[in-house]
Amino acid sequence: LLSEGLEQVFRKLGKRGKLSESDVRNCLRDIRRVLLEADVNYKVTREFIERVGEKAIGAKVLKSLTPAQQVIKIVYDELTYLMGGSAVGINFSPAPPTVIMLVGLQGGGKTTVAAKLARYFRSKGKSPMLVAVDTRRPAAVEQLRVLGLALDVPVHSPDANTDPIDICTDAVTAARRSGLDLLILDTAGRLHVDQEMMEELVKIRERVRPHEILLVADGMTGQDAVNIAGEFHERLGFDGVILTKLDGDARGGAALSIRTVTGKPIKFVGVGEKVDALEVFHPERMASRILG
Amino acid sequence: IKGHRTLDEEVLDEIEATLLQADVGPETTSKIISRIRERGRREKMEGLKAVKKVVKEEILAIMDSAPTADMSHSMSIPRPYVIMVVGVNGTGKTTTAGKLARKFGKEGKKVLLAAADTFRAAATEQLEIWAKRTGADIVRHKSGSDPAAVAFDALSAALSRRTDILIIDTAGRLHTRTNLMEQLKKIKRVLGGLLEGAPHEALLVLDATTGQNAIPQVDYFNQAVGISGIVLSKLDGTAKGGVVIAIRDRLSIPLRMIGIGEGPDDLRDFDPSEFVEALFG
Ligand SMILES: Nc1nc2c(ncn2[C@@H]2O[C@H](COP(=O)(O)OP(=O)(O)OP(=O)(O)O)[C@@H](O)[C@H]2O)c(=O)[nH]1
Ligand SMILES: Nc1nc2c(ncn2[C@@H]2O[C@H](COP(=O)(O)OP(=O)(O)OP(=O)(O)O)[C@@H](O)[C@H]2O)c(=O)[nH]1
Ligand SMILES: [Mg+2]
Ligand SMILES: [Mg+2]
């Protein structure tokens, strides 16, 4: 971890009430394994361990904690700091309707999240409309219609026109006409490496100008989280992330991976199949979860 | 000697990075690396290429360690052959059920689909479209009804209609939801009560993008209903699905098939050597 020069300095400081290098090294070896078990990406883990190593080595020894406990505390604080520290609200437009666009891989939970967001923002005084932009998946439109019906939230679905861009622009017109101030676009799941499908999202973004693009990612995603988020970030760009299915026992290391690689905040987490199972993201809770 | 050892450590680091980034997980990765070190003491292994070859052999040994029963059947199989499709939310169960209906339909088999997901919005409608697409029949109840009742009705229908293959699509459920796992056990009991030996297959559909959580998923589902095989879906993405090596090593459940797309023909038999090559690709 340290250069030869620093090592020399270190050996001299050794027993002076500072965390010794070997204390830190041994602890970090275990922490590395914990993070990998928690699905934090390999390169993100390596970078993170180096960062923590720098903070921990030479840190003043606290009387109430063992060296290992102290390193863990530094790790926990660093994790919390890295994943937090951003405004996690949604940017509402001064000129309604505000448009939120949901994107992500197949099966991540977008359609369910769309309904959850509609319910959440309605409880905050907004008048939402759901837009079924997925014309590919069998019964996707029906799925959103059923969810909207149960919530008594209007759902704009494609008529004869199945062009995703037209569906969205028609929805904006319809929302304005009805005085609705929030549009939630539920797009089809797609692979980040599907050029054509990623291009479709770029075209929707350019024509419809959403105020907020949210990546909906499965909370049990492993190492691939960096590729998925990285590609969506580069090709399309997004403002925040919603991590789903965290009601299970997945550790959720993808949260740190995505945040590290894109710099974008996690805004909400999905914690169940029902429409009320949506929570605002708490970085300290995620940090404890990742550390197991 | 000292120079040689340093090179091997660099090579091992690179192998370790590849395996970890493929979701093989730290425990199974260190197990594989230890085996490589062991073999390195007994046999000559110089350079990355040689070590990679040995790693591939070791992984293949794990992947091939249990017999892969062939799903394209002989005449002696029970009729109907009952396949239950299970797994956590969003992994591709309904789509896989549809792909299986296509596969068996093409083999000239009479297929019946059972819409036993009575909970999720438009789950039945989704499966109905797959039935139309693949020429399979479908049994469904209204939303909110008992999934075990759907399974029972479907099996009764399959028996009376002399169906060859009955595929039961179940609702996604997190393995940590005890009540939902109990529901799955009930479906299994009901099937076995009507036809001894049913379900003949319980396929767990696992999303290739899933990390280490795949291990408890397989473990819990296996304890609940006994998993006869895994289908690894969404391998057309960039995820390597390396966690199946850890699963095979610990639970020896065979990996049967892979999903490589959203269309009806995007289902392949699992090929261990192709899989191992792709890990290092
Ligand atoms: N347990 C749990 N299940 C969830 C959560 N969010 C979504 N799901 C479930 O995950 C499955 C997939 O959800 P969908 O909303 O259909 O996912 P999607 O991203 O729209 O899928 P595609 O449109 O096919 O890409 C469904 O069974 C949902 O009920 C969550 O937070 N917890
Ligand atoms: N790219 C790709 N997508 C797939 C594959 N298998 C399924 N999907 C997609 O994944 C999404 C979820 O598929 P479903 O079949 O609804 O998954 P499920 O497990 O039945 O979901 P729930 O019933 O809600 O738990 C859909 O958009 C499918 O088209 C695959 O092999 N590759
Ligand atoms: Mg959807
Ligand atoms: Mg389904």
Side-chain angles (χ1 to χ4, degrees), chain A residues 32-43 45-46 105-112 115 136-150 188-194 217-228 231 244-245 247-254 272-273, chain B residues 16-27 29-30 88-95 98 119-130 132-133 143 171-177 180 207-217 220 233-234 236-243 261-262:
Chain A
R32 176 180 178 263
R33 181 159 202 155
V34 165
L35 294 178
L36 291 169
E37 288 285 353
D39 290 325
V40 178
N41 178 265
Y42 174 79
K43 291 197 174 118
T45 299
R46 190 173 56 201
L105 256 61
Q106 291 92 344
K110 297 172 293 298
T111 304
T112 309
R136 298 171 88 238
R137 168 174 154 156
V141 173
E142 181 62 10
Q143 185 184 3
L144 195 63
R145 285 198 30 243
V146 170
L147 291 171
L149 202 67
R190 67 204 65 217
L191 292 178
H192 51 299
V193 289
D194 185 331
D218 194 318
M220 31 178 153
T221 308
Q223 298 290 310
D224 205 38
V226 297
N227 301 323
I228 298 165
E231 201 60 30
T244 62
K245 307 177 200 171
D247 42 317
D249 58 358
R251 299 271 288 282
E273 295 191 68
Chain B
E16 189 199 46
T18 302
L19 296 178
L20 288 173
Q21 291 181 94
D23 283 312
V24 176
E27 187 174 321
T29 297
S30 74
V88 305
N89 307 73
T91 58
K93 299 174 292 299
T94 305
T95 306
F119 169 76
R120 209 211 66 212
T124 314
E125 286 79 354
Q126 185 185 3
L127 194 67
E128 281 186 305
I129 291 170
W130 277 101
K132 284 205 190 73
R133 258 183 201 174
S143 166
R173 69 203 66 220
L174 294 185
H175 52 289
T176 45
R177 292 284 306 272
L180 296 180
D207 188 326
T209 64
T210 305
Q212 298 309 298
N213 197 244
I215 300 171
Q217 282 178 31
Y220 280 55
S233 67
K234 310 181 196 173
D236 45 321
T238 51
K240 303 284 184 167
V243 67
E262 302 185 72

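The structure displayed is predicted, hence computed values, not measured ones. All values below were derived from every heavy atom in this structure, side-chain atoms included, with hydrogens, water molecules and symmetry-related copies excluded. Throughout, protein chains are lettered first and strands after them, A, B, ... in sequence-line order, and every chain is numbered starting at 1.
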Would you mind reporting whether [Y] and [X] have side-chain heavy atoms less than 4.5 Å apart?
X	Y	result
B:Arg133	A:Pro138	yes
B:Lys234	A:Leu105	no
A:Glu273	B:Asn89	yes

What part of [X] gets closer than 4.5 Å to chain B, counting heavy atoms only: side chain, backbone, both or neither?
X	answer
A:Arg32	side chain
A:Asn227	side chain
A:Leu36	both
A:Arg46	neither
A:Asp247	both
A:Leu144	neither
A:Glu142	both

Using a cut-off of under 4.5 Å on heavy-atom pairs, state which of [options] scores highest against chain A.
options	value
B:Gly90, B:Pro216, B:Pro26	B:Pro26
B:Asp207, B:Asp236, B:Thr91	B:Asp236
B:Gly237, B:Gly92, B:Ala17	B:Ala17
B:Glu125, B:Arg177, B:Arg120	B:Arg120

[Y] versus [X], side-chain donor and acceptor atoms under 3.5 Å:
X	Y	value
B:Gln126	A:Gln143	no
A:Asp39	B:Asn213	no
A:Asp224	B:Thr238	yes

Heavy-atom contact with chain A under 4.5 Å, split by part of [X]:
X	value
B:Ser233	neither
B:Val88	side chain
B:Glu27	both

Checklist outcome for this item: d(B:Thr209 OG1, A:His192 NE2) to nearest 0.5 Å is 9.5 Å
Checklist entry - So how far is it from A:Tyr42 OH to B:Thr18 OG1, rounded to the nearest 0.5 Å? => result 8.5 Å
Checklist entry - side chain to side chain contact (heavy atoms under 4.5 Å, CB included) with B:Lys240: which residues, sequence neighbours excluded? => result B:Ala22, B:Leu279
Item to check | Full working for salt bridge (Lys or Arg N to Asp or Glu O under 4.0 Å) between B:Glu262 and A:Arg137 | outcome: CA-CA 9 Å; B:Glu262 302 185 72; A:Arg137 168 174 154 156; over 6 Å; no
Next on the checklist: Can you tell me which of A:Ala115, A:Ala254, A:Gly222 forms the most heavy-atom pairs within a distance under 4.5 Å of chain B?
Outcome noted: A:Gly222
Item to check | For the student: nearest non-hydrogen atoms of A:Ala139 and B:Ala122, plus distance | outcome: O-CB, 3.8 Å
